[in-house]
2 protein chains.
Amino acid sequence: MPKKLTKQEDSSKVFIGSGSNQLNRPPPILKKLTIKDIASKSGISRSTVSRVLSDNPNVNAETRARVRSVIKAMNYIPNRLAQGLVTGKINVVGLIVGDIRNPYFSEITRAVEEVLNASGYLVVLCDSAYNTEKEVDFLNVTRELRFASIIMTSAMDNEGLISNLSKLSCPVVLLNRYLQGFPTDVVSFDNQYGAYLVAEHVIKLGHRHFKVLMGPAQSSSSIDRERGYRKAFADHGITCAEDAFVYGDLRFETGYQFGLDLLKQKNRPTAVLAGNDFMAIGIIKAYIDNGLKVPDDLSVTGFDDIQMAGMSAVPLTTIRQPQVEMGQQAAQVVLDRLHGNKSLPRRIIFDAELVVRESTRRIRIPREH
Amino acid sequence: MPKKLTKQEDSSKVFIGSGSNQLNRPPPILKKLTIKDIASKSGISRSTVSRVLSDNPNVNAETRARVRSVIKAMNYIPNRLAQGLVTGKINVVGLIVGDIRNPYFSEITRAVEEVLNASGYLVVLCDSAYNTEKEVDFLNVTRELRFASIIMTSAMDNEGLISNLSKLSCPVVLLNRYLQGFPTDVVSFDNQYGAYLVAEHVIKLGHRHFKVLMGPAQSSSSIDRERGYRKAFADHGITCAEDAFVYGDLRFETGYQFGLDLLKQKNRPTAVLAGNDFMAIGIIKAYIDNGLKVPDDLSVTGFDDIQMAGMSAVPLTTIRQPQVEMGQQAAQVVLDRLHGNKSLPRRIIFDAELVVRESTRRIRIPREH
DNA sequence: CTTTGTATTGGTACCGCTCCCATCACGGTC
DNA sequence: GACCGTGATGGGAGCGGTACCAATACAAAG
């Protein structure tokens, strides 16, 4: 029985052979090195060591070299908590995203981290699960730990949130979101125009019977998108049923469930505009699993253009949102503020772009005319 | 022109109307509240306030209530940097992943965060980009900031890494990875058996001409998987060319490029075993983009069973790895250590499971016999 | 009534670092 | 030779908490 033989057999050996059944590895001998130790070993005062640490120019080149070598030799690591305590700031930036499992956010996260790390900042991620309460909790942590700045994406507009944000004494950058009554830097995306574009595309393909599966109703981007959809409908003389707009939570499963629900209806829409690619893929999956075809039986559009959009079962027609650039830009704005720029709040808006793939098609049996 | 009209028009209005062209919002008035302020406002000593803060039971219930209300009323937030300085620890856990854009990792990240947050710990993510140097940098930050613990996934085995890990004085948990010569808690997965399973599956479908697109050669999971593949080949009397094993970096693009390269060859393999689902999807995409079919022209297998695996153009045959459970488990081990458990290093291994979907099929023209 | 224990609170060293304010040697200036 | 600017360094006071040790009060015990 190869299976039995293989299972866990060799890998265990490898591991055990590597010393795992020793006692717990001993705590590192070099107990607690402080700046004082470095000072005495270098025969110099703490002040000067501190200057070396912070690259203060008022240090003799020779002294600096000597201190540096001692630091290296003793493997000294300065305590950033102590540093932060006295300076009142710490080189850490918080990043709040709605759901890290959504590629839209993980792409942004990667971009933000790259830019900020390169400038010596650490990024602390908060996955809010689209939950304002978790966001507020995180803002408190942010205060406790004296973070240098915060980048917020997603999630809802909310009174409590704003009052909590106001208590912050660090720069805040909003990413693809704005908050009524809280003026601050915003890096955003033309959600309204994007929604307009995608709706217009589907309208031009002859569709008249829509459903719109939105994101959370309170979020600023949802509001803008809804405005764009409605404007497109209005501009083309289409009146859509009031129950056409449905609000979801942007997760794949939600789209899937929505697709299943559609299948139970008698009078199905011919097109669904989804609030993000994740939900769009879920809808498509529900149709396919039940033997129907996209776009033949249903045209579906997404929003964001995540990488997966082009690779899924039916490549998605969607609105491209430049995730990497937006993340980089947000990080750049943070750095700018941290470097002391005190100008008025800025607003940087990225353009929407329609990407037509294979999840939409001209309607077969026009319902009207 | 509806387009021109729509673009940026309304959304700007909304924003500007919300007060964005005010001056920068003023810094919060409540300057710097310290424990001292709370003490004097409550007519009590700092010591007692500190006790209230840390839920020390030796405080009169009445006093506690009074202090609490003052804290709330003044909106006081304790300074965790100061706290951390004196206690030498801070409630923060580091998490190193190879690439946050890979759903495999983002799923784990979410799980780890949920468990750890629930116990009051903050998680700091490090996206190493599969780069040992970045990992080492992060370990240093970890020391500077006195993190309570570290969870490491992915990346390479490496001398420098181990020596850096040894300098850490906090618990370290390895997730789906082990390090020769560094005994510590490991939450892992039976990579070898998984590889064996998937190879056997393809062999049983009649394939004899393989390519294996592995992950990074030095990583422990790659090593185990290679062992599993080779054992399956050996058990079935198959000798495969030495150049059958190729090492990649687990990214989608790498799979795509690999697929393109295959297409240029005259003597193509009939099956490719990919080191993760991401690369497998890339390979499939390359074939489809060039008018070929999967699994008709090539059987492809993945590894991990990320959510996307079932939704991509060709649903993937792959090895299921319980990402959420593994993340939760790792977090649990961390908590356990942090709560003072000093037992010998533990090893928790999750079982591999083959998931057969549509990216593999019986070979059409058996090459041998 | 003194002793002893217990519950509660206060006082005071630090934790490890930065910042401000000397101090000091040195060469140039008048 | 006294004065002074400058570069380099040292010393000490915190930053905002915690932790240890006393101190206090009051009740129970002897």
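Chain A is the first sequence line, chain B the second, and so forth, proteins listed ahead of strands; every chain is numbered from 1. All values below were derived from every heavy atom in this structure, side-chain atoms included, with hydrogens, water molecules and symmetry-related copies excluded.
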Side chains of residues 78-86 of chain A: which donor-acceptor partners sit under 3.5 Å, not counting sequence neighbours?
from	atom 1	to	atom 2	distance (Å)
A:Asn79	OD1	A:Leu81	N	2.7
A:Asn79	OD1	A:Ala82	N	3.2
A:Arg80	NE	B:Glu144	OE1	2.7
A:Arg80	NH2	B:Glu144	OE1	3.2

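A:Ser343 and A:Asn341 share a donor-acceptor pair across their side chains, judged by distance under 3.5 Å alone.
Contact annotation: the side chain of A:Asn140 approaches that of A:Asn164 to within less than 4.5 Å [non-hydrogen atoms, C-beta and beyond].
Straight-line distance from the CG atom of A:Asn56 to the C1' atom of C:dC21: 15 Å, rounded to whole Å. For the pair B:Glu62 CD and C:dA7 C1', the interatomic distance rounds to 14 Å; values are reported in whole Å.
Shown here are the salt bridge (Lys or Arg N to Asp or Glu O under 4.0 Å) partners of B:Glu325, two or more places apart in sequence or in another chain: there are none. Here A:Arg46 pairs with nothing under the salt bridge (Lys or Arg N to Asp or Glu O under 4.0 Å) rule; sequence neighbours left out.
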(request) Would you please test B:Asp99 and A:Arg110 for salt bridge (Lys or Arg N to Asp or Glu O under 4.0 Å) and show each step? (result) CA-CA 8 Å; B:Asp99 183 356; A:Arg110 158 72 76 117; 3.0 Å; yes

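Panel note: side chain A:Ser119, backbone A:Leu116; no donor-acceptor pair is recorded below 3.5 Å.
Direction change of the helix axis from one end of the helix from C:dC1-D:dG30 to C:dC30-D:dG1 to the other is 60°, with five pairs defining each end axis (rounded to 10°).
Residue pairs that meet the side-chain hydrogen bond (donor to acceptor under 3.5 Å, both in side chains) test with at least one member in residues 64-73 of chain B, sequence neighbours left out, are B:Asp55-B:Arg68.
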(request) Between protein and nucleotides 9-19 of chain C, map the contacts as a letter string: B base, S sugar-phosphate only, - none, heavy atoms under 4.0 Å, written 5' to 3'. (result) BBBBB-BBBBB

